[in-house]
Structure formats: C-alpha cells, structure tokens
Amino acid sequence: MEVKEKWPRRLVIVRHGESEQNVAIDLFEKNLPATLEKLKNKKDPDIVLTNKGISQAKKTGAYLSKTEKFDICFCSPYKRTLQTAKAIISKLKYRLKIYEDVRLREKEFGRLHGLSVKDIKRDYPEEYEDRNRDGVYWYRILRGENYPDVQMRIYSFLEKISRDWGGKNVLIVTHHVPYVLFNAIFNHLGEKEVIKLGGVPNCGIQEFNSDFSKSKEGRLKLKYYNKKTY
C-alpha cells in the first residue's frame, strides 16, 4: 500500500517586506509623532509596503525563481503581505495562484496598536506592568493576542496543508510572529527558545524539506532560517 506524504515536499515561508509600520518602529527614538498618529488611525490590515519593501520582495522573487517550482502560494490577507506575494510572483517564470488565509495574519495588537512605549506607560499603566511581568511570549494584549494564540491558528492552518498539499511545493507569505511560530512548531520550541530566535528581517526566508529517514510519510526538517537575498 502506497504511503501518502504527510507534509509538503518543500515549504518556504517568507516575512513581508519593509512596511510603513516597520519604519516607524525603527525610528521611535527619533520621536515621529505625526507618523505614529497616522498609523494609530490606520487599521493593521491596511498598512502597506514602502518602496524599499517592494524592492526587497522583488529581489526575493528573483532568488526563488531560480529554485524548484512552487505549486501554490498561501498569504495573509493584509495589504503588505499581498503586495509582497505579488512582487515575488512577478519575478517567477510561471503563474502561481495565491490563496489568502486569515490564520496567517500578524498577531493582533488590539488596543495598543500604533502606540509607543511612552503612550502605553501613560495611558495603560496596568498593561505596561502586565507586559513586564508576563513577557512578550505570554502577555496577551488588551483586545489582542499572545504568541500561543497565534500558534493555535498556525496549527489549524497546518491541518489544511497536511490534508491537501502533501508532497507539493508550498510558498507562504506572512508576518513576523507567525513566521517564528512555524519554526517553533516543527522544532518543538518553548518560550525561551522562541525568544532566543530574535528578530526576523523583512523578506527573511526559512525553508523546510521533507525528510524520510525516520518516517515513510516524511517529517519537515529546517534547511535554513532568516535567509536574506538583498
């Protein structure tokens, strides 16, 4: 009896390119109240890429165009991830369908979206204290999510991948926290290991390949993490 492959033969996960929000966060110390105020009044799904972010995505696409052909692309429905996916695909030598999946969206920042640390300390002192007590992994943002909440979404998404895309080559375009948690799930990482992974560069790439050395149905093994192509 033929054994069905459980996982994609090749699973490539890309974080989106540089966005308006990334620029604002990087420049917090330079005090950009106008930029922060603009982002505060813009919902997270509507934040878009900068010109630099589009360039990063195209260079990522140029790199991926030289690798094995993908069968499908899954993407967060947020504008910055969709822009990234489309820019990557524009550099491929074949058409690739994009399926949007809400489970790939970024961690929900809830009431604290667009606020600086100074704003949070002033307006939500109890939340600031809770964050310091619980840490970035366990702290559940007011009307938002923590890392385990996002991880449960990724588990649900992977059930679909395992059911429908075993043995195929799959591209995923997502955000910082989901990107990290794909690694956590397949490498069985806990809180401390996840925090040690650190940041993810814009358009950082991680790739998993099926390994059949210990299982006939295959297990995903990390090939590389946080690869940059620009």
Side-chain angles (χ1 to χ4, degrees), residues 1-17 56-57 59-76 81 84-85 88-89 91-92 94 96-99 101 103-107 137 147-230:
M1 180 178 177
E2 184 178 356
V3 178
K4 179 182 182 297
E5 291 185 38
K6 182 176 181 180
W7 297 110
R9 185 65 60 94
R10 178 173 179 240
L11 180 65
V12 175
I13 304 163
V14 181
R15 185 194 177 196
H16 63 75
Q56 291 169 340
K59 289 176 181 177
T60 301
Y63 165 77
L64 291 174
S65 71
K66 299 174 185 177
T67 67
E68 191 175 351
K69 184 178 179 181
F70 291 104
D71 296 296
I72 192 66
C73 173
F74 287 96
C75 184
S76 156
T81 39
T84 301
I88 289 173
I89 290 171
K91 294 297 181 178
L92 303 181
Y94 53 91
L96 187 64
K97 187 172 181 59
I98 299 175
Y99 285 141
D101 196 302
R103 292 170 292 189
L104 296 173
R105 70 187 187 278
E106 181 60 292
K107 182 178 78 170
Y137 184 87
Y147 274 58
D149 292 330
V150 180
Q151 188 159 329
M152 294 307 294
R153 290 200 254 118
I154 302 303
Y155 274 123
S156 172
F157 173 76
L158 286 173
E159 289 178 4
K160 175 183 178 63
I161 292 296
S162 176
R163 183 184 69 238
D164 299 336
W165 296 95
K168 303 296 185 180
N169 295 328
V170 178
L171 172 65
I172 294 173
V173 182
T174 186
H175 305 260
H176 177 204
V177 175
Y179 177 101
V180 168
L181 291 176
F182 274 104
N183 190 319
I185 289 170
F186 288 121
N187 288 312
H188 309 287
L189 307 182
E191 175 189 5
K192 291 182 180 179
E193 292 87 356
V194 167
I195 300 306
K196 284 182 181 179
L197 288 175
V200 178
N202 291 117
C203 280
I205 312 171
Q206 63 180 319
E207 179 171 340
F208 294 86
N209 299 136
S210 278
D211 177 13
F212 300 96
S213 62
K214 297 181 180 180
S215 170
K216 290 183 179 180
E217 63 181 11
R219 295 179 180 178
L220 284 178
K221 184 176 181 179
L222 184 65
K223 181 179 180 181
Y224 56 76
Y225 184 76
N226 276 357
K227 186 182 187 70
K228 289 172 59 177
T229 63
Y230 56 90

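The figures that follow rest on heavy atoms only: side chains count, while hydrogens, waters and symmetry mates do not.
Smallest separation of non-hydrogen atoms from Gly61 and Leu92: O-CD2, 4.0 Å. Pairing each heavy atom of Arg219 with each of Trp7, the nearest pair is CA-CD1, 4.2 Å. Heavy-atom minimum distance, Tyr230 versus Cys203: CE2-CB, 4.1 Å.
With contacts defined as side-chain heavy-atom distances shorter than 4.5 Å, the pair Tyr179/Leu104 does not qualify. The shortest distance between side-chain heavy atoms of Ile185 and Gln151 falls below 4.5 Å. For the pair Leu171/Ile88, a side-chain contact is recorded, criterion being any heavy-atom separation below 4.5 Å from C-beta on.
For the pair Asp149 (side chain) and Lys107 (backbone), a donor-acceptor distance under 3.5 Å is absent. Put simply, the side chain of Ser162 gets close to the backbone of Lys6: a donor and an acceptor are under 3.5 Å apart. Looking at Asn187, its side chain never comes within 3.5 Å of a backbone N or O of Leu189 through a donor-acceptor pair. Side chain of Arg153 to backbone of Pro178: no donor-acceptor contact under 3.5 angstrom is found. A donor-acceptor pair under 3.5 Å links the side-chain atoms of Ser210 to the main chain of Pro8, judged by distance alone. The backbone N or O of Val177 lies less than 3.5 Å from a partner atom in the side chain of Glu106, making a donor-acceptor pair.
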Query raised in the report: Given Val170 and Phe208, is the side-chain contact (heavy atoms from CB on, under 4.5 Å) satisfied, shown in steps?
Result: CA-CA 10 Å; Val170 178; Phe208 294 86; over 6 Å; no
Query - Worked verdict on Phe70 versus Arg10 for side-chain contact (heavy atoms from CB on, under 4.5 Å) - result: CA-CA 9 Å; Phe70 291 104; Arg10 178 173 179 240; 3.5 Å; yes
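Atom CD1 of Ile205 sits about 13.5 Å away from atom CZ of Arg15, to the nearest 0.5 Å. How far NZ of Lys59 is from NZ of Lys228: 10.5 Å, rounded to the nearest 0.5 Å.
By the 30° and 60° cut-offs, the orientation of the rings of Tyr99 relative to Phe74 is tilted.
Checked by atom type, the side-chain pair Glu68/Asn169 shows a donor-acceptor distance below 3.5 Å.
Partners of Tyr63 under the ring-ring contact (aromatic ring centres under 6.0 Å, His included) rule, at least two apart in sequence or in another chain, do not exist in this structure.
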